[in-house]
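Take a look at this one; I'll ask things after.
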Amino acid sequence: MTAPAAPMTRPTTALPDSRPPVRRRRQPDLYSTLSRVLIALIVIVQVYPLAWLFITSLRTEHDFATGDPFALPTSLTWENYARAFETGNLGMNILNSFIVTMGANFLIVLLGMMAAYALQVLGFRFSKFVRGLFLIGIIVPVQIALVPLFIDYSTINLLDTYPSMIIPLAGFALPMSIYLFSSFFEYIPRETYEAASLDGAGPYRIFGLITLPLSINTVVTVVLVNSIFIWNDFIFANTFVLSEGLKTIPLGLQNYIGAMGKTDWTATFAAVCVTITPLLLVFLVLNKAMIQGLESGATKG
């Protein structure tokens with residue numbers, strides 16, 4: 001006899017759960033919270049002086065003199081900006097600073113790229129030693145060159161000229177520029193240069209058609225970093241400039257100090273706002289290119 005077969009049961013399929021999944025509340029990360037607080041504090045520290053400077057430049061002279069300098073103004077006026085241009089030769093100062101900044105940056109980029117190209121791409125015997133000599137210039141203080149340069153400029157009649165300011169500013173900025181360009185050129189694959197050489201391109205053609213277009217972000221970085229210091233330079237301009245017509249912005253701000261040390265502070269703040277606005281606008285427009293240039297030229301190199 002055979003045992004009776006067990007009754008067949010139909011397989012049951014589990015019904016899908018229509019309830020929404022329960023999301024676990026993410027616990028706040030202490031590290032990210034502290035990072036955000038620290039970033040907020042840094043932003044406040046950086047932005048507050050600019051905001052205070054702009055607000056103070058709109059205060060009336062009586063309000064600034066009698067009230068709390070850090071309090072909100074009771075009245076606003078644009079007369080401070082008009083008085084800033086009337087009191088000092090602000091337009092000429094801005095033009096002189098622009099000429100000096102552009103001239104120095106032209107020499108810094110041209111000479112820095114050519115030196116870095118020769119040291120890093122072309123290469124020669126003792127190239128690393130030569131690059132080390134250039135980098136030593138980073139630690140050389142500018143003050144030790146004032147007296148020798150003043151004597152040399154007076155001998156060759158170069159005092160009170162634009163080159164008297166442009167040449168030392170470019171010279172002291174070259175070491176850092178050569179370092180940034182060399183680091184970026186090291187990141188460019190060697191196969192790119194070898195392929196161009198096989199096509200018959202010489203070193204000058206490779207420099208103009210390959211190296212220069214690839215270095216745009218690094219050029220922007222070098223120009224922006226140096227422009228901040230050149231635009232605000234006081235020591236070279238104060239040493240080598242003798243006439244009123246060649247004064248740059250830092251020297252021109254001395255015109256707002258009147259007799260017996262009386263200073264027109266509201267007009268001075270208005271003049272400072274006018275002078276820092278171009279740098280702020282350029283930095284805001286080109287900040288991405290500057291960050292990319294620093295990343296490719298300093299870290300990847």
Side-chain angles (χ1 to χ4, degrees), residues 39-59 73 76-110 112-113 162 165-166 169-170 173 176-177 180-181 184 212-213 215-234 236-237 246-256 264-298:
I39 292 174
L41 291 176
I42 294 175
V43 170
I44 293 173
V45 171
Q46 295 292 330
V47 173
Y48 174 75
L50 297 176
W52 178 83
L53 178 65
F54 177 71
I55 294 175
T56 306
S57 67
L58 297 177
R59 299 180 67 170
L76 301 178
T77 180
W78 291 96
E79 294 180 358
N80 298 327
Y81 288 87
R83 196 167 65 255
F85 282 91
E86 294 174 358
T87 303
N89 198 3
L90 188 57
M92 182 60 68
N93 299 148
I94 294 176
L95 179 61
N96 292 333
S97 292
F98 180 79
I99 294 174
V100 172
T101 302
M102 291 297 102
N105 277 318
F106 176 77
L107 291 180
I108 291 169
V109 172
L110 179 63
M113 286 191 67
Y162 289 121
M165 295 179 284
I166 293 174
L169 287 171
M176 181 58 68
S177 303
L180 290 176
F181 282 120
F184 177 74
L212 182 59
S215 308
I216 296 300
N217 289 336
T218 308
V219 170
V220 173
T221 302
V222 171
V223 169
L224 286 180
V225 170
N226 291 302
S227 294
I228 297 173
F229 297 99
I230 297 172
W231 188 267
N232 297 319
D233 172 70
F234 178 81
F236 287 124
L246 287 178
K247 284 187 175 181
T248 56
I249 290 172
L251 294 181
L253 292 178
Q254 293 179 338
N255 295 330
Y256 299 96
D264 190 352
W265 288 111
T266 54
T268 304
F269 292 142
V272 173
C273 286
V274 173
T275 56
I276 67 175
T277 299
L279 284 180
L280 289 177
L281 293 178
V282 171
F283 182 80
L284 291 176
V285 172
L286 301 177
N287 61 345
K288 291 185 179 180
M290 178 179 176
I291 294 174
Q292 292 176 1
L294 287 174
E295 290 178 349
S296 60

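Because the structure is predicted, anything quoted here is derived from the model rather than measured.
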- prompt: Applying the side chain to side chain contact (heavy atoms under 4.5 Å, CB included) test to V274, which of N93, I249, L90 qualifies?
  reply: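 With V274 as partner, side chain to side chain contact (heavy atoms under 4.5 Å, CB included) holds for just one option, L90.
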
message: For a 4.5 angstrom cut-off between non-hydrogen side-chain atoms, does K247 reach N89?
response: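 No - every pair of side-chain heavy atoms lies 4.5 Å or more apart.
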
query: Is a donor on one side and an acceptor on the other found under 3.5 Å between the side chain of S177 and the backbone of I108?
result: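 Side chain of S177 to backbone of I108, a donor-acceptor pair under 3.5 Å: no, none is there.
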
query: Residues in side-chain hydrogen bond (donor to acceptor under 3.5 Å, both in side chains) with N105, at least two apart?
result: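 Result, side-chain hydrogen bond (donor to acceptor under 3.5 Å, both in side chains) vs N105: S227.
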
task: Indicate the atoms forming the closest heavy-atom contact of A270 with A84, along with that distance.
output: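 Nearest pair, atom of A270 first, then A84: CB-CB, 4.3 Å.
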
message: For residues 81-110, which residue pairs pass the salt bridge (charged side-chain N to carboxylate O under 4.0 Å, His left out) check, not counting sequence neighbours?
response: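 Every pair satisfying salt bridge (charged side-chain N to carboxylate O under 4.0 Å, His left out) with a residue in residues 81-110: R83-D264.
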
Separation of T266 OG1 from L58 CG (nearest 0.5 Å):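 Nearest 0.5 Å value for the CG-OG1 distance: 10.0 Å.
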
field: Euclidean distance, N232 CG relative to T275 OG1, rounded to 0.5 Å
entry: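 So the gap between those two atoms works out to 7.5 Å.
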
- request: Mind checking the CZ-OG1 spacing from R59 to T77? Nearest 0.5 Å is all I need.
  value: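 Between R59 CZ and T77 OG1, I get 13.0 Å after rounding to 0.5 Å.
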
message: To the nearest 0.5 Å, what is the distance between OG1 on T277 and CD1 on I94?
response: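 Result: 9.0 Å between the selected atoms.
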
field: Atom of S57, atom of N80 and distance for their closest heavy-atom approach
entry: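 In this case the closest contact between S57 and N80 is O-ND2, 2.7 Å.
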
- prompt: Of all heavy-atom pairs between S215 and F184, which one has the smallest distance, and what is that distance?
  reply: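 Answer, listing the atom of S215 first, then F184: OG-CE2, 3.4 Å.
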
- prompt: From F269 CZ over to T56 OG1, what is the distance, rounded to the nearest 0.5 angstrom?
  reply: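 If we round to the nearest 0.5 Å, F269:CZ and T56:OG1 are 6.0 Å apart.
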
- prompt: Side chains of P250 and D233: does their closest heavy-atom pair fall under 4.5 Å?
  reply: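 P250 does not reach D233 side chain to side chain.
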
- prompt: Between L169 and F236, what is the shortest heavy-atom contact and its length?
  reply: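 So the two residues come closest at CD2-CD1, 3.5 Å.
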
message: Strictly by salt bridge (charged side-chain N to carboxylate O under 4.0 Å, His left out), give each pair with a member in residues 219-232 just once, sequence neighbours left out.
response: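 Not a single pair qualifies under salt bridge (charged side-chain N to carboxylate O under 4.0 Å, His left out).
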
query: Do I276 and L53 have side chains that get closer than 4.5 Å, going by heavy atoms?
result: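 Touching, per the 4.5 Å side-chain cut-off.
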
- prompt: So, do T101 and F229 sit near enough that their side-chain heavy atoms are less than 4.5 Å apart?
  reply: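 Side-chain contact under 4.5 Å: no.
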
query: Got more than 12 heavy atoms from elsewhere within 6.0 Å of CZ, F106?
result: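 Incorrect, the count does not exceed 12.
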
- prompt: Nearest heavy-atom pair of V219 and V109: which atoms, and what distance?
  reply: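 Reported closest heavy-atom pair: CG1-CG1, 4.0 Å.
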
- prompt: Looking only at heavy atoms, what is the nearest atom pair of A173 and N226, with distance?
  reply: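 It is CB-OD1, 3.3 Å.
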
